[in-house]
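Labels below follow one simple rule: chain letters A, B, ... track the order of the sequence lines, proteins then strands, and each chain is numbered from 1. Quantities reported herein were computed from a predicted structural model and do not represent experimental measurements.
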There are 2 protein chains.
Amino acid sequence: MSRYSKKILNLINTSCEHLTAEQIYLEMKKEEPGIVLASVYNNLNRLHEEGLIRKVVIEGSPERYDKMLKHDHLVCSRCGKLTDIHLSDFTSQIEEQSGIKVLSYDLKINYLCPECIRQMENIRRNENG
Amino acid sequence: MSRYSKKILNLINTSCEHLTAEQIYLEMKKEEPGIVLASVYNNLNRLHEEGLIRKVVIEGSPERYDKMLKHDHLVCSRCGKLTDIHLSDFTSQIEEQSGIKVLSYDLKINYLCPECIRQMENIRRNENG
DNA sequence: TTTATAATTAGAATAATTCTAAATTTAGGA
DNA sequence: TCCTAAATTTAGAATTATTCTAATTATAAA
């Protein structure tokens, strides 16, 4: 196993955030000052090929790296914040409806996060009051 | 409405493919030889903000622009090909399970497309025969 | 028509990621 | 332990997709 991959995997698996390569690089530098951004990318790509981590792509931001454990994502349509949500597994429903064999799926749900809802209510209140 | 937006919207709405900005640009040039790639991007971003088209982001390829009409996506895990699939709407299930208000969602299903399944079977046959 | 606003152009700039080639590290025999 | 081959890392250039800037042109409204 490569020099950094265990630490990088651990970072991803223990982080509550969805880290970018840059963030992982900065975090790694604390313990491995010599590490270079390209090595972070190399490791992330290897870990992803080995099926040990997930990549999360969202429009307009760099890729984020995530634990493998099955879960879905909420994306706030106003501020873009990404959070996890644990829904039931839709695999069998998809397979029944489509007849295909599902290897995995990626479900991103657009919603308004509580902060944005609050902010929008405040704005409305100020306009009308 | 802007000079090109109607044609671009039409291209997207009538295409069976999931076009990239580059492909839309090349297609537009046939009728509008003076058009420039930046204008295609401007128009696509405007159409997207207006909610008239969808953006589809897949790891490792440029963004693709898609009709708004609700549908889901199949992504072949071997060759990466993207195709449409029409599944039932999971919105109410998601809302019941989570308690959030779903604005929309984006479901990408990883599978093996028929061509890849065939190719893999051929490879296996050659190895064993 | 005049004017203001919006869209377009050309091309530079940016940001994220990959690539290249050389150096270093690692792992597995001899 | 030493040697060798393969894998990883490094530094920095290159690439790609997309955005930005400023000047120009088109559009629509008064």
Side-chain angles (χ1 to χ4, degrees), chain A residues 1-12 15 17-66 75 79-82 106 108, chain B residues 1-12 15 17-66 73 75 80-82 106 108:
Chain A
M1 217 181 198
S2 89
R3 180 139 58 119
Y4 302 134
S5 60
K6 212 164 240 164
K7 274 188 185 167
I8 289 178
L9 182 57
N10 209 46
L11 252 180
I12 291 168
S15 171
E17 317 258 306
H18 300 83
L19 302 170
T20 62
E22 180 76 23
Q23 290 171 324
I24 292 166
Y25 166 66
L26 292 175
E27 206 52 42
M28 284 295 289
K29 279 233 283 201
K30 294 178 185 169
E31 294 183 50
E32 303 278 357
I35 197 173
V36 126
L37 185 55
S39 296
V40 173
Y41 276 108
N42 288 343
N43 277 281
L44 290 170
N45 285 334
R46 231 175 304 121
L47 288 169
H48 181 239
E49 278 163 23
E50 289 164 358
L52 298 175
I53 59 172
R54 286 216 254 171
K55 283 193 190 186
V56 187
V57 260
I58 327 186
E59 196 216 310
S61 90
E63 309 224 21
R64 288 165 184 281
Y65 297 86
D66 197 4
V75 186
C79 71
K81 201 177 71 199
L82 178 67
D106 173 11
K108 278 198 276 284
Chain B
M1 220 184 197
S2 89
R3 181 139 59 118
Y4 303 133
S5 62
K6 213 165 238 161
K7 275 188 185 169
I8 289 177
L9 183 57
N10 209 46
L11 252 180
I12 292 168
S15 171
E17 317 257 308
H18 299 83
L19 302 170
T20 62
E22 181 76 24
Q23 289 171 322
I24 292 166
Y25 166 64
L26 292 175
E27 206 52 42
M28 285 294 289
K29 278 232 283 201
K30 293 178 185 168
E31 294 184 50
E32 302 278 356
I35 197 173
V36 125
L37 184 55
S39 296
V40 173
Y41 275 108
N42 288 343
N43 277 280
L44 289 170
N45 285 335
R46 230 174 308 121
L47 289 168
H48 182 240
E49 276 163 24
E50 289 163 0
L52 297 174
I53 60 173
R54 285 216 255 171
K55 283 192 189 186
V56 187
V57 259
I58 327 185
E59 196 216 310
S61 89
E63 308 225 21
R64 288 164 184 282
Y65 296 86
D66 197 5
H73 286 122
V75 186
K81 202 176 70 198
L82 179 67
D106 172 12
K108 279 198 276 283

query: Which whole-number value in Å describes the distance from A:Glu22 CD to C:dT17 C1'?
result: 12 Å
task: For the residue pair A:Leu82 and A:Arg64, establish whether any side-chain heavy-atom pair is separated by less than 4.5 Å.
output: yes
field: Interatomic distance, A:Lys7 NZ vs D:dT9 C1' [rounded to whole Å]
entry: 15 Å
message: Between B:Lys108 and B:Val57 (side chain of the first, backbone of the second, donor and acceptor by atom type, cut-off under 3.5 Å), is there such a pair?
response: yes
query: So do A:Leu9 and A:Ile53 actually touch side chain to side chain, heavy atoms under 4.5 Å?
result: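 Yes - at least one pair of side-chain heavy atoms lies under 4.5 Å apart.
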query: Rounded to the nearest Å, what distance is computed from the CG atom of residue B:Leu37 to the C1' atom of nucleotide C:dT14?
result: 15 Å
Look for any protein N or O under 3.5 Å of an N or O in nucleotides 5-9 of chain C and output each such pair with its distance, or none.
| from | atom 1 | to | atom 2 | distance (Å) |
| --- | --- | --- | --- | --- |
| C:dT8 | OP1 | B:Tyr4 | N | 3.4 |
| C:dT8 | OP2 | B:Asn43 | ND2 | 3.0 |
| C:dT8 | OP2 | B:Arg46 | NH2 | 3.1 |
| C:dT8 | O3' | B:Arg3 | NH2 | 3.4 |
| C:dT9 | OP1 | B:Tyr4 | OH | 2.8 |
| C:dT9 | OP1 | B:Gly34 | O | 3.0 |
| C:dT9 | OP2 | B:Val36 | N | 3.3 |
| C:dT9 | OP2 | B:Ser39 | OG | 2.5 |

query: Can you check side-chain contact (heavy atoms from CB on, under 4.5 Å) on A:Lys55 and A:Leu47, steps first, answer last?
result: CA-CA 10 Å; A:Lys55 283 193 190 186; A:Leu47 288 169; over 6 Å; no
query: To the nearest Å, how far apart are A:Lys6 NZ and D:dT8 P?
result: 14 Å
- prompt: Can you tell me how far P of C:dG11 sits from OH of B:Tyr25, to the nearest Å?
  reply: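 From B:Tyr25 OH to C:dG11 P: 12 Å.
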- request: Establish, with yes or no, whether the OP1 or OP2 oxygen of C:dT18 is under 4.0 angstrom from a side-chain nitrogen or oxygen of A:Tyr41.
  value: no
query: Are any of the side-chain heavy atoms of B:Ile58 and B:His18 separated by less than 4.5 Å?
result: no
task: Ignoring hydrogens and angles, tell me if any N or O in the side chain of A:Asn10 forms a donor-acceptor pair with the backbone of A:Lys6 under 3.5 Å.
output: no
- request: Could you state the atom-to-atom distance from CG of A:Asn45 to C1' of D:dA7 in whole Å?
  value: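 Going from A:Asn45 (CG) to D:dA7 (C1'), I get 15 Å.
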- request: Starting from C1' on C:dT17, measure out to CZ on A:Arg64 and report it in whole angstrom.
  value: 15 Å
query: How many Å lie between CG on A:Leu26 and P on C:dA16, as a whole number?
result: 12 Å
